[in-house]
2 protein chains.
Amino acid sequence: MNIGQAAEATGVSAKRIRYYEQVGLLEPPQRSDAGYRVYEARDLHTLHFIQRARRLGFSLAQVSELLALWHDQGRSSGQVKAVAMKHIDELHSKIDELQSMVDTLTHLAKRCDGGDRPDCPILSELQRSES
Amino acid sequence: MNIGQAAEATGVSAKRIRYYEQVGLLEPPQRSDAGYRVYEARDLHTLHFIQRARRLGFSLAQVSELLALWHDQGRSSGQVKAVAMKHIDELHSKIDELQSMVDTLTHLAKRCDGGDRPDCPILSELQRSES
DNA sequence: CTAATCCTTCCCACGACGGGAAGGTCAAGG
DNA sequence: CCTTGACCTTCCCGTCGTGGGAAGGATTAG
């Protein structure tokens, strides 16, 4: 199976597959006589795994940890859970940060009439001279 | 006022100030005989403005729009509000995306006992073979 | 035989900076 | 007057996770 077919089968672009190989997430696959990458079923499994972890927002570094744990028969579920919990914390922080931006902006936008006149509390807030 | 003092005064690093100038957010300031950038009060106002807009999560492109509106005497508050509302929408989308990751992960983490045994629903979910 | 479609490696770009090198400038103190 | 240290300048590289595209070889279908 060539890279294009692997991409088709997994929904991971050929570009990304090569990148994952380059950064060490994916084992370098067999090569055909012409130098084409040849993928096996287990490579597709790994790609699916990476794809799902990425959709859950894990960084490639975290995906790398998860892959290592996946392959490690001696892992404990506690190790996996720790990676997940840390990620959940990061997501919560990010959400809180974005939510506070939304709160401030929504408050300002409400006070902005949105008409043709130039007066705008949003700009007033941005140009305020105090901290 | 040199760049270091402007940085000190506004909390925007000298690196960032130069970068904002490079990408056209900030007017190139006067230069001293030796080629040092010399900042005036209005440059500091602009830096404060940029700083606040960045804290609200606007991209530099959006900050650029806001600065243009700020300087445009003929603007309407509706134009400003439109930029803000678009940004609020983007923030909401991002929050929803992150929240759905949190929901999935929290659900999985709850079912993972976190002990020493290797069985882990998080890994099981990631390696699932169906879509 | 040729044309289309694959594949390869390579470099460039994004956004929004930070780090650090190499070199010029300025102010204070000996 | 000279040195030292703190400042400033430009320049290039790295981040993170890709996408785009060029140049060139391989394969396949007609």
Side-chain angles (χ1 to χ4, degrees), chain A residues 1-26 28-40 43 46-47 49-67 86-87 90-91 93-94 97-98 101, chain B residues 1-26 28-40 43 46-47 49-67 86-87 90-91 93-94 97-98 101:
Chain A
M1 186 176 233
N2 287 343
I3 198 169
Q5 294 159 325
E8 183 78 14
T10 61
V12 179
S13 73
K15 279 276 188 186
R16 248 178 293 171
I17 296 176
R18 293 196 197 94
Y19 178 70
Y20 292 159
E21 179 186 333
Q22 188 192 323
V23 299
L25 277 191
L26 205 57
Q30 296 293 114
R31 297 282 186 138
S32 72
D33 290 351
Y36 286 19
R37 288 171 179 81
V38 178
Y39 294 95
E40 310 290 335
D43 299 312
T46 304
L47 279 170
F49 185 101
I50 296 172
Q51 175 92 322
R52 289 222 177 74
R54 292 289 295 141
R55 285 203 189 124
L56 289 176
F58 288 103
S59 68
L60 292 192
Q62 288 171 317
V63 174
S64 182
E65 288 185 61
L66 291 170
L67 280 171
K86 178 147 180 282
H87 181 43
E90 292 162 354
L91 289 169
S93 300
K94 193 71 189 169
E97 190 190 339
L98 300 184
M101 292 171 181
Chain B
M1 184 175 234
N2 287 342
I3 199 171
Q5 294 159 322
E8 183 78 12
T10 59
V12 179
S13 75
K15 278 279 190 183
R16 243 180 294 171
I17 296 176
R18 291 194 199 95
Y19 178 70
Y20 292 159
E21 179 186 332
Q22 189 194 322
V23 299
L25 276 192
L26 204 57
Q30 295 294 114
R31 296 284 185 134
S32 72
D33 290 351
Y36 285 20
R37 289 171 178 82
V38 177
Y39 294 95
E40 311 289 335
D43 299 313
T46 305
L47 280 171
F49 185 102
I50 296 172
Q51 175 91 322
R52 289 223 176 74
R54 292 290 295 139
R55 286 205 187 120
L56 289 176
F58 288 102
S59 68
L60 291 193
Q62 288 171 317
V63 174
S64 182
E65 288 185 61
L66 291 171
L67 279 171
K86 178 146 180 281
H87 181 42
E90 292 162 354
L91 288 169
S93 300
K94 193 70 188 169
E97 190 190 339
L98 299 183
M101 292 172 182

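Letters A, B, ... mirror the listed sequences (proteins, then strands); counts begin at 1.
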To the nearest Å, how far apart are Leu56(A) CG and dG17(D) P? 15 Å
In whole angstroms, the gap separating P of dC8(D) from CZ of Arg31(B) amounts to 12 Å
Whole Å only: how far is the CD1 atom of Ile17(A) from the C1' atom of dG17(D)? 15 Å
Any side-chain heavy atom of Pro29(A) within less than 4.5 Å of one from Val38(A)? no
In this structure, are over 12 heavy atoms from other groups packed under 6.0 Å from Gln5(A) atom CD? yes
Euclidean distance, atom CE of residue Met1(A) to atom P of dC6(C) [Å, nearest integer]: 14 Å
dist Leu25(A):CG -> Phe49(A):CZ (nearest 0.5 Å) comes out at 10.5 Å
4.5 Å side-chain heavy-atom contact, Met101(A) and Arg55(B): no
Counting C-beta onward and ignoring hydrogens, is there a side-chain heavy-atom pair between Arg54(A) and Tyr20(A) closer than 4.5 Å? yes
For the pair made of CD in Glu21(B) and P in dT9(D), what is the distance, rounded to whole Å? 9 Å
Touch class at under 4.0 angstrom, heavy-atom based, for Arg18(A) against every strand present: base
Close N or O pairs between protein and nucleotides 14-17 of chain C (under 3.5 Å):
residue : atom : partner  : partner atom : Å
dA16(C) : OP1  : Leu60(B) : N            : 3.4
dA16(C) : OP2  : Leu60(B) : N            : 3.4
dC17(C) : OP2  : Tyr20(B) : OH           : 2.8
dC17(C) : OP2  : Arg54(B) : NE           : 3.1

So, do Glu90(B) and Gln62(B) sit near enough that their side-chain heavy atoms are less than 4.5 Å apart? yes
Protein-nucleotide distance (Arg37(B), atom CZ; dC7(D), atom P), rounded to Å: 17 Å
Could you tell me whether the side chain of His87(B) and the main chain of Leu56(B) form a donor-acceptor pair under 3.5 Å? yes
How about Tyr19(B) and Leu60(B): do any of their side-chain heavy atoms sit closer than 4.5 Å? yes
Does Arg18(A) reach the side chain of Gln22(A), with side-chain heavy atoms less than 4.5 Å apart? no
Could you tell me if the side chain of Leu47(B) sits less than 4.5 Å from the side chain of Gln51(B), heavy atoms only? no
What is the distance, to the nearest angstrom, from the CD atom on Gln5(A) to the C1' atom on dC6(C)? 10 Å
Take the C1' atoms of the five end pairs on each side of the helix from dC1(C)-dG30(D) to dG30(C)-dC1(D), get both axes, and report the angle to 10 degrees. 30°
Side chain to side chain, Asn2(B) and Tyr39(B), heavy atoms closer than 4.5 Å: no
Nearest-angstrom distance from the residue atom CD of Gln30(B) to C1' of dC8(D): 17 Å
Between N or O atoms, less than 3.5 Å apart, protein on one side and nucleotides 26-30 of chain D on the other: list the pairs.
residue : atom : partner  : partner atom : Å
dA26(D) : O4'  : Tyr36(A) : OH           : 3.2

